[in-house]
Amino acid sequence: MSGRPAVTFRPADASMAAVAPFLRRLTTFSALGFSCALAGILGGCAAVGPNFAPPTPPAARGYAGAGDKAAPEAVLTADASKAGPWWLALGSPALDAVMERALAHNQTVAAAQATLEKARAQAERERARLLPSISANASYQRERINTASFGIPGFPSPTLGLYSIGPSVSYDLDLAGGQRRRLEAARAQAQALAFRADAAYLTLTGNVALQAVRIAGLRAEIDAVQAVVADDRHSIEIVLKAEEAGGEPASAGLGGRLQLEQDLALLQPLEQQLAEARHALALLVGEAPSEWSAPDFSVDDFPARPPIPVAIPSALVRQRPDIEAAEADLHADTALIGVESSRLYPDVRLIAGLTQEALSPDKLFSFGSTAYYLGPALTAPIFDGGAIRADRRAAQAQARADLARYRQTVITAFVQVSDVLSALAQDEDHLAALVRAEATARASLEEARDGYRLGGSPLANVVIADRRWRETTLAKAQAIGQRLADIVALYGATAANWGPPQSVPNEAAPGHVSRAHDVKSLAPASQSP
């Protein structure tokens, strides 16, 4: 025997002693059922199972580890503004236009929005189950009565038609609160999907910005290589003039031409990477590369930025959608503990029905054709081999696993923010050092060239100085691109969404993803949190 069999018990007098324990249990269940029924009429029984409480915010007040340098562009705050799109702080109108197009056409965001709408519909369905269910039934049956089966041989067996019509009503009192816990779980699951939709939105905008600054950085590297190539040709001209004047042998220009070819060879990989970045941006925008071309972003398109407000750890857990989604998963599975616990208690449904039955349609609605039923129906578990309790233990274990995943998600988020802040701090020092090194290398190259023209410096000094200047120039271009990428990564890691209030996207616009708190309106305020 398994599940929740309906209790129907008619003991014989001789077996009363054997069934006395069962009767006591049934009496207890009945008393509980009637007590809860009365309480349900007055205001509803309390739902069984644990009530969810959000995990305690972390005690950490910052992200820097021992010996970490502070990032000058990041400012920790307990109340980071979230009034509008974060990418506006980058100051690129071209990026703003690409973002608008990506949010309107990206298929990942569209799928996340559709999945969220499905979860909201499922939550609406669970809420509907708390209300009475009313249905109408109508039927017609053609039946031949076998009179011989009633012990009347030789009597004709008539064929009759039976018409039936009438409504029925069913209402689950939800005494133990299992359905309310199901609704709570459905709401939490919808919240989790809403936060994941926010995460898809954040991931999309972050990837779009990363590809944009990658294009800008690669173009800066290509420009640097082209400047080096132009300088190589200038060095070759100096050597050729020296050869013509007899100051150098005919083979003196071979080293310069070799350096030129090596520098030209740097362009092809960079141009390939630039093409891949443009293709990746087209994918994010939801277009084929042949149908849409990315703007020619440059580092000048991203002017100086104001300090970046970074939420302190206790605020970050309420800002990052992946953390909020993990908390919503924990909430849903905590509510499912109550769902499994409710199966241990009796369930009472109020049922009623009115039926009009007649052998001919003209008598269907006469008083003599009326039948009805009205009353409670009790279902209670008696023996299931421990299956319900096993299911409850499984739900409790799942909630503990969700709590561990939540904590791991929080720690991972803190590590990501710490890594980006540390990288930004190093970027500033690295870029400043490369700027100084480039200026020094350029001065050294000019000095070597002047000395070579005047005959006081060998050609080898020019080659060495030229190589050092080339290396520092390329390194500086790469550092500029990396700094921009790290700034974008910081916005993504802190889930920033701030900017001028007038820049808030229109909620009716295509591609807009509703915030997770909208899901809370799916259930009445009187339901369990």
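- Partner of Leu103 under the side chain to side chain contact (heavy atoms under 4.5 Å, CB included) criterion, chosen from Val208, Leu204, Val98, Val285: Leu204.
- Within the 4.5 Å cutoff, the side chain of Leu90 has heavy atoms near those of the Val488 side chain.
- Taking the side chain as every heavy atom from C-beta outward, Val228 and Trp469 approach each other to under 4.5 Å.
- Using bins of under 30°, 30° to 60° and over 60° for the plane-to-plane angle, the ring pair His331/Phe52 lands in the parallel bin.
- For the pair Asp296 and Arg278, the salt-bridge criterion is met [side-chain N within less than 4.0 Å of a carboxylate O].
- At least one side-chain heavy atom of Arg214 sits under 4.5 Å from a side-chain heavy atom of Glu276.
- Screening Arg180, Arg181, Arg182 for a side-chain hydrogen bond (donor to acceptor under 3.5 Å, both in side chains) involving Asp174 leaves a single residue, Arg180.
- Side-chain atoms of Leu490 and Thr494, non-hydrogen and from C-beta on, do get closer than 4.5 Å to each other.
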Practice task
Could you please spell out the steps behind the side-chain contact (heavy atoms from CB on, under 4.5 Å) verdict for Asp419 and Tyr63?
Solution key: CA-CA 9 Å; Asp419 287 346; Tyr63 302 98; over 6 Å; no
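- Under a cut-off of 6.0 angstrom, the local environment of CZ in Arg129 is crowded, with over 12 non-hydrogen atoms contributed by other residues, nucleotides or ligands.
- Counted within 6.0 Å of CZ on Arg442, heavy atoms from surrounding residues, nucleotides or ligands total more than 12; the atom is thus considered enclosed.
- Atom CZ of Arg405 is surrounded by more than 12 heavy atoms from other residues, nucleotides or ligands within 6.0 Å.
- Remark: the Gln416 side chain and the Arg320 side chain contain an N/O donor-acceptor pair separated by less than 3.5 Å.
- At least one side-chain heavy atom of Thr203 sits under 4.5 Å from a side-chain heavy atom of Asn207.
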